[in-house]
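Heads up, the thing below is written out as C-alpha coordinates.
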Amino acid sequence: MADNPAYEMIWQVVGAIPPGSVATYGQVAELAGLPRGARLVGRCLGNLPAGSRLPWHRVINSAGRISLPPESESYREQVKRLQEEGVAVFNGRVKLRQFRWTGD
DNA sequence: CGGGTGACTATAA
DNA sequence: TTTATAGCCACCC
(Lines give C-alpha, C1' and ligand atoms only; values in the text may rest on other atoms or scores of the structure.)
Protein backbone atom coordinates (compact mmCIF):
# COMPACT_ATOMS: atom_id res chain seq x y z
CA MET A 1 0.00 0.00 0.00
CA ALA A 2 1.02 3.60 -0.04
CA ASP A 3 2.59 5.64 2.70
CA ASN A 4 0.69 8.62 1.40
CA PRO A 5 -3.02 8.44 2.36
CA ALA A 6 -3.81 10.55 -0.71
CA TYR A 7 -2.82 7.62 -2.90
CA GLU A 8 -5.45 5.39 -1.36
CA MET A 9 -8.09 8.05 -1.98
CA ILE A 10 -6.96 8.30 -5.58
CA TRP A 11 -7.13 4.53 -6.00
CA GLN A 12 -10.62 4.55 -4.58
CA VAL A 13 -11.83 7.27 -6.94
CA VAL A 14 -10.19 5.77 -10.03
CA GLY A 15 -11.63 2.39 -9.13
CA ALA A 16 -15.09 3.92 -9.02
CA ILE A 17 -15.02 5.19 -12.59
CA PRO A 18 -17.65 3.09 -14.40
CA PRO A 19 -16.67 1.12 -17.52
CA GLY A 20 -17.20 3.00 -20.76
CA SER A 21 -16.56 6.33 -19.07
CA VAL A 22 -13.47 8.43 -18.50
CA ALA A 23 -12.38 11.14 -16.06
CA THR A 24 -9.58 13.73 -16.10
CA TYR A 25 -6.68 13.80 -13.69
CA GLY A 26 -8.02 17.02 -12.22
CA GLN A 27 -11.46 15.52 -11.80
CA VAL A 28 -10.09 12.48 -10.03
CA ALA A 29 -7.93 14.68 -7.81
CA GLU A 30 -10.85 16.84 -6.83
CA LEU A 31 -13.09 13.88 -6.04
CA ALA A 32 -10.24 12.50 -3.96
CA GLY A 33 -10.13 15.70 -1.95
CA LEU A 34 -7.01 17.07 -3.66
CA PRO A 35 -8.16 20.22 -5.56
CA ARG A 36 -4.70 20.84 -7.06
CA GLY A 37 -3.47 17.29 -7.12
CA ALA A 38 -3.80 16.49 -10.81
CA ARG A 39 -0.07 15.78 -11.04
CA LEU A 40 -0.27 13.60 -7.97
CA VAL A 41 -2.83 11.45 -9.72
CA GLY A 42 -0.43 11.08 -12.63
CA ARG A 43 2.41 10.18 -10.28
CA CYS A 44 0.16 7.76 -8.44
CA LEU A 45 -0.89 5.94 -11.60
CA GLY A 46 2.70 5.88 -12.78
CA ASN A 47 3.58 4.13 -9.56
CA LEU A 48 0.97 1.44 -9.93
CA PRO A 49 2.41 -2.07 -9.73
CA ALA A 50 2.15 -4.18 -12.87
CA GLY A 51 -0.92 -6.37 -12.65
CA SER A 52 -2.90 -3.82 -10.67
CA ARG A 53 -6.62 -4.15 -11.28
CA LEU A 54 -7.16 -0.41 -11.07
CA PRO A 55 -8.81 0.96 -14.27
CA TRP A 56 -6.08 3.58 -14.80
CA HIS A 57 -6.88 3.63 -18.52
CA ARG A 58 -10.08 5.56 -17.79
CA VAL A 59 -8.08 8.58 -16.68
CA ILE A 60 -7.11 11.18 -19.31
CA ASN A 61 -6.02 14.83 -19.30
CA SER A 62 -8.22 17.93 -19.42
CA ALA A 63 -7.79 18.22 -23.19
CA GLY A 64 -9.55 14.90 -23.55
CA ARG A 65 -6.32 13.28 -24.67
CA ILE A 66 -4.26 10.37 -23.49
CA SER A 67 -1.35 11.79 -21.55
CA LEU A 68 1.20 9.12 -22.38
CA PRO A 69 3.92 9.08 -25.07
CA PRO A 70 2.15 7.68 -28.21
CA GLU A 71 4.99 5.22 -28.73
CA SER A 72 4.89 3.83 -25.22
CA GLU A 73 3.49 0.42 -24.42
CA SER A 74 1.19 1.84 -21.76
CA TYR A 75 -0.33 4.14 -24.36
CA ARG A 76 -1.31 1.26 -26.61
CA GLU A 77 -2.65 -0.62 -23.63
CA GLN A 78 -4.81 2.35 -22.66
CA VAL A 79 -6.23 2.81 -26.15
CA LYS A 80 -6.89 -0.90 -26.45
CA ARG A 81 -8.74 -1.13 -23.15
CA LEU A 82 -10.81 1.98 -23.82
CA GLN A 83 -11.89 0.74 -27.22
CA GLU A 84 -12.79 -2.60 -25.72
CA GLU A 85 -15.11 -0.71 -23.38
CA GLY A 86 -16.69 1.14 -26.26
CA VAL A 87 -14.87 4.43 -25.77
CA ALA A 88 -13.91 5.89 -29.15
CA VAL A 89 -10.32 7.08 -29.39
CA PHE A 90 -8.94 8.90 -32.41
CA ASN A 91 -5.26 9.77 -32.59
CA GLY A 92 -4.90 9.95 -28.82
CA ARG A 93 -8.06 11.98 -28.46
CA VAL A 94 -10.99 10.51 -26.60
CA LYS A 95 -14.42 11.10 -28.07
CA LEU A 96 -17.58 10.53 -26.08
CA ARG A 97 -16.00 11.82 -22.92
CA GLN A 98 -19.03 11.32 -20.76
CA PHE A 99 -17.87 11.95 -17.25
CA ARG A 100 -20.51 9.70 -15.85
CA TRP A 101 -20.31 9.49 -12.13
CA THR A 102 -22.45 7.02 -10.29
CA GLY A 103 -21.72 8.94 -7.13
CA ASP A 104 -20.21 6.68 -4.48
C1' DC B 1 17.52 23.25 2.25
C1' DG B 2 17.59 24.06 -2.94
C1' DG B 3 16.81 22.72 -7.73
C1' DG B 4 14.95 19.63 -11.33
C1' DT B 5 11.11 16.74 -12.94
C1' DG B 6 6.55 15.19 -14.63
C1' DA B 7 0.54 9.94 -16.93
C1' DC B 8 -1.53 18.13 -14.97
C1' DT B 9 -4.26 22.73 -15.83
C1' DA B 10 -5.76 27.25 -16.91
C1' DT B 11 -4.92 31.10 -19.59
C1' DA B 12 -3.14 33.87 -23.37
C1' DA B 13 -1.70 34.71 -28.03
C1' DT C 1 -6.39 24.51 -33.28
C1' DT C 2 -1.68 24.80 -31.61
C1' DT C 3 2.19 26.52 -28.82
C1' DA C 4 3.98 29.13 -24.87
C1' DT C 5 3.85 30.35 -19.88
C1' DA C 6 3.07 30.09 -15.35
C1' DG C 7 1.15 27.76 -11.30
C1' DC C 8 0.82 23.47 -9.06
C1' DC C 9 2.80 19.58 -5.64
C1' DA C 10 5.12 15.18 -4.20
C1' DC C 11 9.36 13.11 -5.05
C1' DC C 12 14.30 12.62 -6.05
C1' DC C 13 18.87 13.93 -6.06
Side-chain angles (χ1 to χ4, degrees):
Chain A
M1 305 313 270
D3 299 319
N4 191 334
Y7 277 34
E8 300 193 7
M9 290 301 296
I10 293 173
W11 292 338
Q12 186 177 320
V13 173
V14 173
I17 302 174
S21 299
V22 295
T24 66
Y25 294 93
Q27 175 84 97
V28 171
E30 190 153 344
L31 289 170
L34 307 165
R36 273 68 189 173
R39 307 192 79 140
L40 302 189
V41 175
R43 172 173 291 285
C44 181
L45 296 186
N47 257 319
L48 286 176
S52 170
R53 270 168 291 345
L54 208 65
W56 54 269
H57 57 281
R58 296 180 191 146
V59 183
I60 60 178
N61 63 33
S62 65
R65 287 179 149 291
I66 288 177
S67 200
L68 282 165
E71 65 278 7
S72 72
E73 194 56 41
S74 296
Y75 173 94
R76 288 176 224 165
E77 182 68 18
Q78 180 161 23
V79 173
K80 179 183 172 189
R81 291 193 187 183
L82 285 175
Q83 290 181 154
E84 286 178 338
E85 293 185 355
V87 176
V89 180
F90 180 68
N91 214 350
R93 190 145 115 291
V94 176
K95 299 287 191 180
L96 314 175
R97 56 179 168 117
Q98 325 159 10
F99 292 60
R100 302 183 174 182
W101 196 253
T102 58
D104 58 329

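A, B, ... follow the sequence lines: proteins, then strands. Residue 1 opens every chain.
Residues that satisfy the side-chain contact (heavy atoms from CB on, under 4.5 Å) test with A:Ser52, not counting sequence neighbours, are A:Leu48, A:Pro49, A:Leu54. Legend: residues meeting salt bridge (Lys or Arg N to Asp or Glu O under 4.0 Å) with A:Glu73, ordered by chain and number and at least two apart, are A:Arg76. For A:Arg93, there are no salt bridge (Lys or Arg N to Asp or Glu O under 4.0 Å) partners at least two apart in sequence or on another chain.
For A:Ser62, the listed nucleotide lying nearest its side chain is B:dT9; candidates were B:dA7, B:dT9, C:dA10. Between C:dC9, C:dA10, B:dT9, one nucleotide has an atom nearer to the side chain of A:Arg36 than all others, and that is C:dC9.
Contacts of residues 39-52 of chain A with DNA chain C (heavy atom under 4.0 Å): A:Arg39, A:Leu40, A:Arg43.
Across the protein-nucleic acid pair, A:Gln27 atom CD and B:dA7 atom C1' stand 17 Å apart, rounded to whole Å. Across the protein-nucleic acid pair, A:Asn4 atom CG and C:dC12 atom P stand 11 Å apart, rounded to whole Å. In this structure, A:Ile10 places its CD1 atom 13 Å from P of C:dC9, rounding to the nearest Å. When the C1' atom of B:dA7 is taken as reference, atom CG of A:Leu54 falls 13 Å away, rounded to whole Å.
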Quick test: give all pairs of protein nitrogen or oxygen and nucleotides 1-5 of chain C nitrogen or oxygen below 3.5 Å, distance rounded to 0.1 Å.
none

Donor-acceptor pairs under 3.5 Å, side chain of residues 29-43 of chain A to any protein atom, not counting sequence neighbours: which ones?
none

N/O donor-acceptor pairs under 3.5 Å from side chains in residues 83-91 of chain A, not counting sequence neighbours:
{"residue": "A:Glu85", "atom": "OE1", "partner": "A:Gly20", "partner atom": "N", "Å": "3.1"}
{"residue": "A:Glu85", "atom": "OE1", "partner": "A:Arg58", "partner atom": "NE", "Å": "3.0"}
{"residue": "A:Glu85", "atom": "OE2", "partner": "A:His57", "partner atom": "NE2", "Å": "3.0"}
{"residue": "A:Glu85", "atom": "OE2", "partner": "A:Arg58", "partner atom": "NE", "Å": "3.1"}
{"residue": "A:Glu85", "atom": "OE2", "partner": "A:Arg58", "partner atom": "NH2", "Å": "2.6"}

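A:Trp11 and A:Cys44 get closest at one heavy-atom pair: NE1-SG, 3.2 Å.
Looking at A:Gln27, its side chain never comes within 3.5 Å of a backbone N or O of A:Asn61 through a donor-acceptor pair.
Using a 4.5 Å cut-off on side-chain heavy atoms (C-beta onward), A:Thr24 and A:Val59 make no contact.
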